[in-house]
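Beneath this line is the structure, given in structure tokens, with notes to follow.
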Number of protein chains: 2
Amino acid sequence: MRTNSPFKHHQHSQCIQQALRNAESLCKKNGFRLTRVRKRVLELIWKSHQALGAYAILEQLGLEGVKPAPPTVYRALDFLLEAGLIHRLNSLNAYTGCSHPKDDHHGSYFLICQHCRNVAEIHDTGIDQQISSLAHRENFAVSEQALELSGTCQNCQGSAHA
Amino acid sequence: MRTNSPFKHHQHSQCIQQALRNAESLCKKNGFRLTRVRKRVLELIWKSHQALGAYAILEQLGLEGVKPAPPTVYRALDFLLEAGLIHRLNSLNAYTGCSHPKDDHHGSYFLICQHCRNVAEIHDTGIDQQISSLAHRENFAVSEQALELSGTCQNCQGSAHA
DNA sequence: GTCACAACTGTTATATTATAACATTACGTG
DNA sequence: CACGTAATGTTATAATATAACAGTTGTGAC
Ligand SMILES: [Zn+2]
Ligand SMILES: [Zn+2]
Ligand SMILES: [Zn+2]
Ligand SMILES: [Zn+2]
């Protein structure tokens, strides 16, 4: 089950609940430990569809208790990345929730709105195929791929600040 | 004229010379000033097909005279990026020479070998088209795109360290 | 239950990448 | 050469990320 598009009106609480359920079940299935910090970091990331920086997460954690040191957050992020529950956006140095943590990640691509800062994770078999074919042509064995498209989402087009 | 593929044997001195000629003519045409620092930074980046970090460039500059402060290098990098003479690889926090500085850059994609660290800039109209079509479908106006494929190049496949 | 081990978290310090702000120098034009 | 602008120098600091080691907690064997 996919979460909703950030660029369309939706009940975002559903996204959050779905993400947490997915995380619980994935961790249970794989014997991962979804500890308090890890879960809290995941929740903070899912509070919106905007990508969140590690230090912004730190700030938030500080607001609700004792502010931990950076390694605490980075370790939680590493775990969530490994588990496939979040992604890192290299162009933003920030992290966003994975909207389909069960699938393989042979290709996931990101639309990043520079106005509202929302991020949509996209799957597209057309692009997958072109990348495979490119890699084959060049004799290149791809192990990681990152496609980040920055621009203006449909909501922000035509609006005052666009 | 394109430079050679980093993954094929070639006379790399040709790449360097070509890159410098391209830079000279592009700057002359546009009235940009290819100053000593800027030119030296470009040369250092073109010394290989590996992406070079800002502080690695600083070190090199230090070896051949007085080591400048970071802003000097970052300003040169900003200029070269603006001029379209180099690209930044977000997944590496590093910079690589543009292999075709005359063309538009509506799509350039990078193959990054994790073994030899060489980087190849690729143009692929198939991917261009899939991205356009994706953007159209999602009503998303793309202003910047970055595709970075990490993996193993043809030379490094099958070799001992692969 | 409790022992032992591994996994997780805390803590301190520091590495790496990048920019802000202001002073000085070099360049090109008239 | 005088002027204004663009480029560079300089100092300080911001933002992102990791190393190293100490302490704590959870889990399974017995
Ligand atoms: Zn949502
Ligand atoms: Zn938007
Ligand atoms: Zn070459
Ligand atoms: Zn290689």
Side-chain angles (χ1 to χ4, degrees), chain A residues 23-24 26-45 50-62 64-83 85-96 117 146 148, chain B residues 23-24 27-45 50-62 64-83 85-96 112 117 146 148:
Chain A
E24 300 276 13
L26 182 144
C27 289
K28 179 160 281 182
K29 195 182 74 175
N30 293 92
F32 300 157
R33 286 166 59 186
L34 188 61
T35 63
R36 180 188 298 259
V37 194
R38 292 170 176 177
K39 185 171 176 183
R40 196 70 199 96
V41 169
L42 185 61
E43 281 172 357
L44 287 171
I45 288 175
Q50 299 178 356
L52 209 54
Y55 281 75
I57 294 170
L58 264 173
E59 287 308 314
Q60 287 301 311
L61 291 175
E64 38 186 76
V66 183
K67 182 167 161 179
T72 298
V73 165
Y74 280 102
R75 283 188 288 228
L77 291 171
D78 286 344
F79 169 83
L80 295 168
L81 285 168
E82 288 279 322
L85 292 167
I86 62 172
H87 296 289
R88 181 174 198 278
L89 296 171
N90 289 325
S91 64
L92 299 177
N93 294 337
Y95 305 83
T96 191
R117 305 249 151 226
E148 300 180 19
Chain B
E24 300 277 13
C27 288
K28 179 160 285 181
K29 194 183 72 176
N30 294 91
F32 301 157
R33 285 165 59 186
L34 189 61
T35 62
R36 180 188 299 258
V37 194
R38 292 170 175 176
K39 185 170 177 183
R40 196 71 200 94
V41 169
L42 184 61
E43 281 171 358
L44 287 171
I45 288 175
Q50 298 178 357
L52 209 54
Y55 281 76
I57 294 170
L58 264 172
E59 287 308 313
Q60 287 302 311
L61 291 175
E64 38 187 74
V66 183
K67 182 166 160 180
T72 299
V73 165
Y74 279 101
R75 283 189 287 228
L77 290 171
D78 286 345
F79 170 83
L80 295 168
L81 285 167
E82 287 279 323
L85 292 166
I86 62 173
H87 297 289
R88 180 174 198 278
L89 295 170
N90 289 326
S91 64
L92 299 177
N93 294 335
Y95 304 84
T96 191
I112 303 169
R117 304 249 152 226
E148 300 180 19

In numerical order, the residues of residues 26-39 of chain A whose heavy atoms come under 4.0 Å of DNA chain D are Arg33(A)
Rounded to whole Å, CG of Leu77(B) lies from P of dA7(D) at a distance of 15 Å
Please name all residues satisfying salt bridge (charged side-chain N to carboxylate O under 4.0 Å, His left out) with Arg38(B), sequence neighbours left out, ordered by chain then number.
none
Reported CG-to-CG distance for the pair Leu61(B) and Leu44(B), which is rounded to 0.5 angstrom:
5.5 Å
Check the phosphate of dG9(D) against Thr72(B), side-chain N and O only, distance under 4.0 Å to OP1 or OP2. Yes or no?
yes
Of all the heavy-atom pairs spanning Leu26(A) and Asn30(A), show the shortest one and how long it is.
O-OD1, 2.8 Å
Rounded to whole angstrom units, what separation is found between the CD1 atom of Ile57(B) and the C1' atom of dT8(D)?
17 Å
Taking the side chain from Glu148(B) and the backbone from Asn90(B), do they hold a donor-acceptor pair closer than 3.5 Å?
yes
Just how far, in rounded Å, is P of dA7(C) from CG of Asp78(A)?
16 Å
Quickly work out the Leu58(B) CG to dT19(C) P distance and round it to whole Å.
13 Å
On a heavy-atom basis, which atom in Gly53(B) and which in Ala94(B) lie closest, and how many Å separate them?
N-CB, 3.9 Å
Separation of Tyr74(B) atom OH from dT10(D) atom C1', in whole Å?
17 Å
Gap separating the CG atom of Leu85(A) from the CD1 atom of Ile45(A), nearest 0.5 angstrom:
9.5 Å
Length of the line joining Glu82(B):CD and dA6(D):P, which is rounded to integer Å:
14 Å
Separation of Leu92(A) atom CG from dA15(D) atom P, in whole Å?
16 Å
When rounded to the nearest 0.5 Å, the distance separating OG1 of Thr35(B) from CZ of Phe79(B) is 7.0 Å
Does Tyr55(B) or Arg75(A) map to a spot on DNA chain D nearer the 5' end, using the closest nucleotide for each?
Tyr55(B)
Across the strands shown, which category fits Pro68(A) at heavy-atom distances under 4.0 angstrom: base, sugar-phosphate, nothing?
nothing
Interatomic distance where CD belongs to Glu59(B) and P belongs to dT17(C) [whole Å]
11 Å
